[in-house]
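Worksheet for the structure shown next.
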Amino acid sequence: MEKLIYTGKAKQMWQTDDPDVLRVVYMDQATALNGKKKEHFAGKGAAAKAISDLVFHYLIKHGIPTHFIKQLSPTEDLVKKCDMFPLEFVTRNVIAGHFASRYGLDEGKVLPEPVEETFYKSDQLNDPFINESGTIALGIASHADLEKAWSLSREVNGLLKPLFEKAGMQLVDFKLEFGRLSDGKIVLADEFSPDNCRLWDLKTKHHMDKDVYRRKLADLTTTYDKVLARLQKVVKEEA
Ligand code: ADP
Ligand code: TMP
């Protein structure tokens with residue numbers, strides 16, 4: 001019997017008959033301000049999932065270990081169940097978002113090298129920033145775990161920056177999540193979609209990610225569909 005084990009801000013996680021496998025359902029919902037702002041967008045779940053599946057396929061093809069098993073339907077995937085690190089691994093290539101507001105900077109300057117920030121996943125606490133020693137002290141992850149997660153994050157950045165560039169988009173920043181499989185292996189989990197990255201059109205600098213919802217700039221599903229179409233074209237050309 002399947003059991004709903006978690007309803008998040010964008011997805012539902014269902015336990016399947018196999019204890020090591022989850023069914024993920026992408027919902028037609030977008031949130032901002034840590035869930036305080038919430039809205040329904042028809043087709044958004046399928047668009048986000050299609051982008052995430054394409055990106056995960058690309059990463060797997062290039063040797064990144066992930067939780068992905070297979071697609072079940074346009075809004076559902078099967079994934080390997082992980083013991084998740086309650087951490088968000090954010091990589092920034094360009095000054096934007098909270099990096100700009102926190103330090104009083106204008107958005108848009110390319111950073112001399114990627115900035116890496118870790119946040120403790122807690123809706124109650126508003127996902128506070130946490131450094132390496134804090135993570136260790138709280139028993140959230142070991143030095144080795146963090147080293148593995150960051151080395152995978154760097155590989156992901158190295159693979160995705162040029163992929164998005166070929167698709168006419170600048171990969172400004174992104175958030176990854178990692179978890180441990182039942183055999184102890186650390187893998188990339190969760191999703192990679194414009195819900196958790198910033199993408200700017202290379203020529204116009206127009207936002208092509210969840211900022212269009214946060215900042216009321218354009219329709220979310222239409223924007224995600226454009227990102228998907230561009231990525232599909234590049235992947236097809238590469239095949
Ligand atoms: P949030 O929890 O931030 O509201 P979502 O709505 O995307 O986010 O919910 C998905 C949840 O499932 C996240 O908390 C994420 O950490 C977790 N998750 C993602 N992939 C896996 C996995 N393979 N195994 C277990 N949990 C996962
Ligand atoms: P930030 O500038 O708001 O800190 O966001 C940096 C990146 O991380 C951006 O691509 C959006 C993503 N992100 C999430 O996916 N979830 C979150 O809870 C936050 C705060 C950011």
Side-chain angles (χ1 to χ4, degrees), residues 4-16 18-38 44-45 48-49 52 56 65-69 75-103 105 107 111 114-130 140 149 153 156-157 160 164 169-182 185-200 207-215:
L4 179 64
I5 54 169
Y6 182 76
T7 299
K9 296 187 286 291
K11 303 190 284 296
Q12 282 184 338
M13 312 302 279
W14 291 78
Q15 181 63 63
T16 66
D18 183 336
D20 286 334
V21 177
L22 296 179
R23 182 168 64 90
V24 185
V25 182
Y26 284 69
M27 300 187 288
D28 280 346
Q29 178 175 289
T31 65
L33 305 170
N34 220 357
K36 287 178 201 86
K37 184 175 156 186
K38 185 157 94 176
K44 184 258 175 183
K49 192 195 88 78
S52 187
F56 269 65
T66 84
H67 71 162
F68 186 82
I69 301 175
T75 52
E76 298 164 294
D77 282 337
L78 282 186
V79 300
K80 294 174 197 163
K81 185 177 184 175
C82 294
D83 185 10
M84 298 296 291
F85 296 107
L87 296 170
E88 300 192 331
F89 295 84
V90 171
T91 299
R92 303 179 187 273
N93 295 312
V94 178
I95 294 176
H98 282 110
F99 192 82
S101 58
R102 195 190 305 142
Y103 302 119
L105 303 168
E107 293 189 315
L111 289 155
V115 170
E116 298 174 344
E117 297 174 345
T118 318
F119 296 89
Y120 177 44
K121 253 177 91 90
S122 163
D123 285 340
Q124 267 169 318
L125 301 173
N126 260 325
D127 297 345
F129 181 84
I130 190 161
I140 293 170
S153 289
V156 168
N157 197 25
L160 296 188
F164 280 104
M169 292 171 276
Q170 187 175 28
L171 179 57
V172 171
D173 53 34
F174 59 89
K175 181 268 293 179
L176 300 180
E177 290 187 29
F178 295 89
R180 202 188 292 282
L181 299 178
S182 54
K185 188 176 174 186
I186 291 174
V187 297
L188 176 64
D190 205 47
E191 67 175 283
F192 194 105
S193 82
D195 266 15
N196 32 59
C197 69
R198 285 196 172 88
L199 301 168
W200 293 349
H207 297 264
M208 300 188 73
D209 55 65
K210 202 164 87 171
D211 276 348
V212 301
Y213 166 63
R214 295 187 191 97
R215 303 179 190 192

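Each ligand, and each atom within it, is numbered from 1 in the order the structure gives.
Here the heavy atom of the protein found nearest to atom 14 (C) of ligand 2 is Lys175 CE, 3.7 Å. Atom 3 (O) of ligand 2 has as its closest protein heavy atom His98 ND1, 2.6 Å. Closest protein heavy atom to atom 5 (O) of ligand 2: Arg198 NH1, 3.5 Å. Here the heavy atom of the protein found nearest to atom 17 (C) of ligand 2 is Glu88 OE1, 3.5 Å.
Distance check: Thr7 OG1 to Met27 CE gives 6.0 Å after rounding to the nearest 0.5 Å. Put simply, NZ on Lys38 and CG on Leu33 are 13.5 Å apart, with the number rounded to the nearest 0.5 Å. Rounding to the nearest 0.5 Å gives a distance of 13.5 Å between OG1 of Thr66 and CZ of Phe192. The CZ atom of Phe178 lies 11.0 Å from the SG atom of Cys82; values are rounded to the nearest 0.5 Å.
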* To do: Give the intermediate values and the outcome of side-chain contact (heavy atoms from CB on, under 4.5 Å) for residues Leu111 and Phe99.
  => CA-CA 11 Å; Leu111 289 155; Phe99 192 82; 4.0 Å; yes

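The atoms of ligand 2 that sit less than 4.0 Å from any heavy atom of Gly97 are 2 (O). Applying the 4.0 Å criterion to heavy atoms of Asp127 picks out, from ligand 2, the atoms 18 (O). Close approach of ligand 2 to Asn196 (heavy-atom distance below 4.0 Å) involves ligand atoms 10 (O), 12 (C), 15 (O).
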N/O contact list for ligand 1, threshold under 3.5 Å:
residue  : atom   : partner : partner atom : Å
ligand 1 : 2 (O)  : Tyr6    : OH           : 2.6
ligand 1 : 3 (O)  : Lys9    : NZ           : 3.2
ligand 1 : 3 (O)  : Lys121  : NZ           : 3.2
ligand 1 : 4 (O)  : Lys9    : N            : 2.7
ligand 1 : 4 (O)  : Lys9    : NZ           : 3.2
ligand 1 : 6 (O)  : Lys9    : N            : 2.8
ligand 1 : 6 (O)  : Ala10   : N            : 2.7
ligand 1 : 6 (O)  : Lys11   : N            : 2.9
ligand 1 : 7 (O)  : Lys11   : NZ           : 2.6
ligand 1 : 16 (O) : Glu177  : OE1          : 2.6
ligand 1 : 20 (N) : Asp190  : N            : 3.2
ligand 1 : 23 (N) : His67   : ND1          : 2.8
ligand 1 : 23 (N) : Lys80   : O            : 2.9
ligand 1 : 24 (N) : Cys82   : N            : 2.9

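Under 4.0 angstrom from ligand 2, the non-hydrogen atoms of Phe174 all belong to its backbone. With a 4.0 Å heavy-atom cut-off, ligand 2 is reached by no atom of Glu117. Contact annotation for Val172 and ligand 2: no heavy atom of the residue comes within less than 4.0 Å of the ligand. By the criterion of a heavy-atom distance under 4.0 Å, the side chain of Arg92, and not its backbone, is placed next to ligand 2.
There is no protein heavy atom closer than 4.0 angstrom to atom 21 (C) of ligand 2.
Proximity annotation for atom 7 (C) of ligand 2: of Leu199, Val115, Asp173, Asp173 comes nearest, heavy atoms only.
Side-chain contact check for His207 versus Trp200: some heavy-atom pair is nearer than 4.5 Å. Residues Lys121 and Glu177 meet the side-chain proximity criterion, which asks for heavy atoms closer than 4.5 Å. Contact annotation: the side chain of Asp123 approaches that of Lys9 to within less than 4.5 Å [non-hydrogen atoms, C-beta and beyond].
Every residue meeting the side-chain contact (heavy atoms from CB on, under 4.5 Å) condition with Asp173, not counting sequence neighbours, appears here in chain and number order: Arg92, Ala96, Arg198. Lys49 is linked by a side-chain hydrogen bond (donor to acceptor under 3.5 Å, both in side chains) to Asp53, Gln71, Asp77, counting only residues two or more places apart in sequence or in another chain. Listed by chain and number, the residues in a side-chain hydrogen bond (donor to acceptor under 3.5 Å, both in side chains) with Glu88 amount to none (sequence neighbours excluded).
Annotation for Asp211 and Asp209: closest pair N-OD1, 2.7 Å, computed over non-hydrogen atoms.
Classified by interplanar angle (parallel below 30°, tilted 30° to 60°, perpendicular above 60°), the ring pair Phe119/Phe129 is perpendicular.
At under 3.5 Å, not a single nitrogen or oxygen of Arg214, backbone or side chain, sits near a nitrogen or oxygen of ligand 2.
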